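The structure presented is a predicted model; accordingly, all values stated were derived computationally and were not measured. For ligands, and for the atoms within them, numbers begin at 1 and follow the listed sequence.
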Amino acid sequence: MGLSSPLPAGRLTTDPWWRSAVVYQVYPRSFADADGDGIGDLRGILDHLDHIADLGVDVVWLSPVYRSPQDDNGYDISDYQDIDPMFGTLRDLDDLIAALHERGMRLVMDLVVNHTSDEHPWFEESRQGRDTATADWYIWRDPRPGFEGGTPGAEPNNWGSFFSGSAWQWVPERGQYYLHLFSRKQPDLNWENPEVRSAVFRMMGWWLDRGIDGFRMDVVNFLSKDPELPDGEVGPSGWGDGFPYFSYGPRIHDHLAEMRREVFDPRPGTYLTVGEMPGVTPEQGLRFTDSETGQLDMVFQFEHVSLDGEGSKWVHRPITVVDLKRSLARWQDALGTRGWNSLYWNNHDQPRVVSRWGDDGRFWYESATALATVLHLHRGTPYVYQGEELGMTNVDFQDIREFRDIESLNYYDAAVNQLGLDPDTVLAAMRRISRDNARAPMQWTDGEQAGFTSGRPWIDVNPNHSWLNAAAQRDDPTSVYAHYRMLIALRHSDPVVALGQFRLLLPEHPAIWAFEREHEGARAVVAANFTSEDVELALPETEGTRLLSTNYPDEGTPGLLRPWEARIHRT
Ligand code: NOJ
C-alpha cells in the first residue's frame, strides 16, 4: 500500500514558503486533556506534539484558546490577550510556540474580530450608553420606526442570525439593539470606527511580537457591512437573509489593506494570513489573494462544503462526484497562478469527510485515503483537521442530550419548537451535518475515553475508538496515517505537486475523479474511483508515466480501478 516507487528526493524551497506547506488544525477542546477536567488543553497539545511532527506538517493552526465564556467554544472572546484558564496560561502558550519552532513548525492563531464576546470589557462598556468611550464600537441601531423596542417586529432589520432567531438583541439600558450575526453573546464589532481597527491591529501586533507566525481570520469577509443594513429576502426560517449586505461589504478590501500595512508590513517575519470567507466567490477570492495586489496569502472558501445543503445546511441535497470535482476545478481555474486557495475536507465546523462523501463501512480505509489523495494533489495549501489523518468518522449521536454545539442546539429548538418539524427528522439532519461530529474527542488509544482524558469528556467519545485510534496506526505502514504522511512528503519534495498547473480530466465521468498537474514539462496524473464498485478506465494521459502510489496493496490491473482506488502517476 502507499508508495510504489520512491518519492522525488529533497525538500523544495518555494517562494513564498507556504506554497509547499501543509497545515494541521488543532481544536484544543477536543485534542488532548492533560489535567483531567474533561476538556482538552495546551499541555495536552504539548504532550502529543510527536504525533503532529511525525506527520510532517509545517504549520499548526490553533482554534481559539483566549479567555472566553465558551458560548461558541471560544469563538466568543472576552480577552484577546490572555488564555482561558480551562486551556492553561500564557506561559503554556509560549512553551507551545517554542516547542513547535524547535521542531521546525509554525503556529497560526485564530483571529476572531468580526465580533467579541458580550462579556468583553469593550462591549460591557458600550452597552451602558451612548456617551461611553466605546459607545460606537459595536453596531447599534434604534428600533424600527413605529415600533416599541423589545417587541416583535421592532428589530432594526429582518436579518436572521447564523445560529437561529433574529440577528438583533435589544438592550433596554441603552434603548437600542445590537447586531450579532452569530449568537447573541457574539456582538459584531463596528469596523467603520477607526478606533476599533487600531485596537485590533495593536492586539495582532502583540501576538506576532510574542512569536506566533500568523492568523487564520474568522469570517473575515464579514468585517465591512453595507451601512444601510437593508432588509434581506425572507427564507424558510422566517428571517431575512442579510448575506448580500455583509459578506462583501464596500470597505472590505480597504480594511484588509490597512491591516496589512499596519500589522504585517512593518514587521520582519514571513507571516501566514488565511482568510476564512464563507460565501466568497472565486472572483472575490482572487481579489483577496492575488500575489501582486491581494491583501491575504490564501482564502479558505466554502463552495464545496455547501453543495450538499439546499438553502440551509440542514436540508440535504445529495451530490455526486461530478459536483465536487467541478467545484474544486472551478476554484483551481479561477485562482490560476495569481491567487491561492486552502484545500480542505474537514475542520471544526464540518462533519467527517469519510462519512460525508466516502464509505465509512466496507471501504473505510480505501475511501479515506482516496479522498486524501485527491485533495492533496490539487494546487493550494492542504489542511488536515485533527483525526482526519486517522480516518475518524461521524459519531452516531442518538439523543439531543448528546449534542453540545450552540448552532445545533439552537437549530433543534427553532426547528422543533418553533417551526413544528418532526424531532426525528431534525435529529437525523443533525447526525449527518452537525459540527459536533468534528468535535468528538481525538482518538488516541483503544482505552478508557480513547486516551483523551482521565476524567469525563465534555462530549462523548466515538465508540469506534476500539479499532480506530492513533496508537493502532502510528507505526503501521498500511494505515491512513501513513498515507497522509506520504502525501505530505510528496508536497514537500515534488515541484509538480506544490506548483504545477491543474487540468481536470473526464469532467463528466460519473465515477472517476481524474486530473493532471504540470510543471516545467513534468506531469502528475491522478485518477480515483469514487464508488464502491470496480470501474474500467482508459486514461491516455497516463501514457509515459509510472505509478507513483496507489492505496491498494498491489498495482492491480491496468485499465481497472478497484473500489475507491486512488492512483498517482508521474512522468
Ligand atoms: C466560523 C468559525 O469557524 C465557527 O466555528 C464560528 O462559530 C463562527 N465563525 C463564529 O465565530
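- Not counting sequence neighbours, Ser342 has no partner by the side-chain hydrogen bond (donor to acceptor under 3.5 Å, both in side chains) test.
- Scanning for ring pair (Phe, Tyr, Trp, His ring centres under 6.0 Å) contacts around His378 gives Phe502, Trp513, Phe515, with sequence neighbours left out.
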Write 'none' if nothing qualifies; otherwise put on separate lines each N/O atom of ligand 1 with a protein N/O atom under 3.5 Å away and their distance to 0.1 Å.
| residue | atom | partner | partner atom | Å |
| --- | --- | --- | --- | --- |
| ligand 1 | 3 (O) | Arg216 | NH2 | 3.1 |
| ligand 1 | 3 (O) | His348 | NE2 | 2.8 |
| ligand 1 | 3 (O) | Asp349 | OD2 | 2.5 |
| ligand 1 | 5 (O) | His348 | NE2 | 2.9 |
| ligand 1 | 5 (O) | Asp349 | OD1 | 2.7 |
| ligand 1 | 5 (O) | Asp349 | OD2 | 3.4 |
| ligand 1 | 5 (O) | Arg435 | NH1 | 3.3 |
| ligand 1 | 7 (O) | Asp72 | OD1 | 3.4 |
| ligand 1 | 7 (O) | Asp72 | OD2 | 2.5 |
| ligand 1 | 7 (O) | Arg435 | NH1 | 3.0 |
| ligand 1 | 9 (N) | Asp218 | OD1 | 2.9 |
| ligand 1 | 9 (N) | Asp218 | OD2 | 3.1 |
| ligand 1 | 11 (O) | His115 | NE2 | 2.9 |
| ligand 1 | 11 (O) | Asp218 | OD2 | 2.8 |

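- Two rings, from Phe163 and His180, have their centers 6.0 Å or more apart.
- No more than 12 heavy atoms of other residues, nucleotides or ligands sit less than 6.0 Å from atom CD of Glu228.
- The shortest distance between side-chain heavy atoms of Val274 and Trp18 does not fall below 4.5 Å.
- Partners of Arg210 under the salt bridge (charged side-chain N to carboxylate O under 4.0 Å, His left out) rule, at least two apart in sequence or in another chain, are Asp94.
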